[in-house]
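Atoms considered below: every heavy atom in the structure, side chains included; atoms not considered: hydrogens, waters and symmetry mates. Labels below follow one simple rule: chain letters A, B, ... track the order of the sequence lines, proteins then strands, and each chain is numbered from 1.
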Number of protein chains: 2
Amino acid sequence: MSNEKLVAKNSKAIHPRRVSISKMEKSCQEVSDLLRSLSHPQRLMILGYLTQGPKSVSELGGLCDISQSQLSQFLGRMKAENLLKSERQGKYQYYAIADQRLIQLIAVIQNIFCR
Amino acid sequence: MSNEKLVAKNSKAIHPRRVSISKMEKSCQEVSDLLRSLSHPQRLMILGYLTQGPKSVSELGGLCDISQSQLSQFLGRMKAENLLKSERQGKYQYYAIADQRLIQLIAVIQNIFCR
DNA sequence: TTGACATATTATTATTTTATAATATGATAA
DNA sequence: TTATCATATTATAAAATAATAATATGTCAA
């Protein structure tokens, strides 16, 4: 059960050091809330698309197989959770990832699980 | 907040290498299921503790503030999802992380979000 | 064996999430 | 202005999850 091999094998860029459990205890509620936002296949895809840059709701609608209503609800929810920010430009509402850490996290998830 | 500003701010800052969206489309259900298991503060903590090595149910019970029943249910659930494996030793049932990728992921989460 | 401890299971209720439909608002172009 | 497109909101029903209590099972030591 040692993870030395893992640490050696995976770039230090990805996980430079180990964090104490007490730090985790303090933030586990916040972190688990964030992870819950990623725990739906379409929301995960939306965030994946948004790591490539801001997109309007209709662009996202073209990319994701999801109803207009649910897409808007998901975007609104993730904005309320401060994962996303949005800006209207004319008819279109552009959404973008608001928290850089989320971009990091999604990139790591892709690298670990989407091979 | 203009579109261009968002783009400049978000893209290509961090990620070491990028995975194609089509890979993500294929695995998003599996990945989001996994992330759902991490989307509860006590389950996240349980996994955090288990990254440090196998632990018996009662050891985990001493570490987490959670009822016996719920702890057992959470462990059973994560075992059914193949995140955990278990082995009985006498009176004690030892649980351990079954998927090395999960250890990686939790380490990354700690490094990004538990500072 | 019995009793005590460790863990699992079942049942149940409350809460949250998901999905869908219907309707509303806001912007633009004709 | 009105029609149309883009997006948001509301309502609601179904499904999943969380939390708790009660009970069952399995192991060991006396």
Engineer: Could you write out each protein N or O paired with an N or O of nucleotides 27-30 of chain D at a distance under 3.5 Å?
Structural biologist:
none

Engineer: Please name all residues satisfying side-chain contact (heavy atoms from CB on, under 4.5 Å) with K23(A), sequence neighbours left out, ordered by chain then number.
Structural biologist: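 Expected list: V19(A), S20(A), C114(B).
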Engineer: List the residues meeting salt bridge (Lys or Arg N to Asp or Glu O under 4.0 Å) with E81(B), not counting sequence neighbours, and say none if there are none.
Structural biologist: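 Partners of E81(B) under the salt bridge (Lys or Arg N to Asp or Glu O under 4.0 Å) test: R77(B).
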Engineer: Any pair with a residue in residues 85-115 of chain B that passes ring-ring contact (aromatic ring centres under 6.0 Å, His included), sequence neighbours left out, goes on the list, sorted by first then second residue, please.
Structural biologist: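 Listed once each, the pairs would be none.
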Engineer: Suppose we screen for side-chain contact (heavy atoms from CB on, under 4.5 Å). Which residues come up paired with Q73(A), at least two apart in sequence or across chains?
Structural biologist: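 So Q73(A) forms a side-chain contact (heavy atoms from CB on, under 4.5 Å) with S69(A).
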Engineer: Taking only residues two or more places apart in sequence, or in another chain, which ones meet D33(A) in a salt bridge (Lys or Arg N to Asp or Glu O under 4.0 Å)?
Structural biologist: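 By the salt bridge (Lys or Arg N to Asp or Glu O under 4.0 Å) rule, D33(A) matches no residue at all.
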Engineer: What residues form a side-chain contact (heavy atoms from CB on, under 4.5 Å) with S32(B), not counting sequence neighbours?
Structural biologist: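 Partners of S32(B) by the side-chain contact (heavy atoms from CB on, under 4.5 Å) criterion, ordered by chain and then number, come out as P41(A), L44(A), Q29(B).
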Engineer: Find every protein N or O atom lying less than 3.5 Å from an N or O atom of nucleotides 16-20 of chain D, and list the pairs.
Structural biologist:
from, atom 1, to, atom 2, distance (Å)
dA18(D), OP1, R36(A), NH2, 3.0
dA18(D), OP1, R43(B), NH2, 3.3
dA18(D), OP2, R43(B), NH1, 2.9
dA18(D), OP2, R77(B), NH1, 3.1
dA19(D), OP2, H40(B), NE2, 2.9
dA19(D), OP2, Q70(B), NE2, 2.6
dT20(D), O4, Q73(B), NE2, 2.9

Engineer: Heavy atoms only, 4.0 Å cut-off, all strands: where does S58(B) land among base, sugar-phosphate and nothing?
Structural biologist: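 Sugar-phosphate contact only.
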Engineer: Could you tell me the boundaries of the chain B footprint on DNA chain C, defined by atoms under 4.0 Å from its heavy atoms?
Structural biologist: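 Boundary nucleotides touching chain B, in 5' to 3' order, are dC5(C) to dT18(C).
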Engineer: Would you mind classifying the nucleic acid contact of Y94(B) as base, sugar-phosphate or nothing, using non-hydrogen atoms under 4.0 angstrom?
Structural biologist: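 Since no nucleic acid heavy atom lies under 4.0 Å of Y94(B), the category is nothing.
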Engineer: S72(A): what forms a side-chain contact (heavy atoms from CB on, under 4.5 Å) with it, not counting sequence neighbours?
Structural biologist: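 Once residues adjacent in sequence are excluded, the partners of S72(A) under the side-chain contact (heavy atoms from CB on, under 4.5 Å) criterion are Q68(A).
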Engineer: Using five base pairs at each end, measure the axis-to-axis angle across the helix from dT1(C)-dA30(D) to dA30(C)-dT1(D) and round it to 10 degrees.
Structural biologist: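 Answer rounded to 10°: the end axes differ by 10°.
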Engineer: Scan residues 32-78 of chain A for pairs that pass ring-ring contact (aromatic ring centres under 6.0 Å, His included), counting only residues two or more places apart or in two chains.
Structural biologist: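 Sorted pair list: H40(A)-F74(A).
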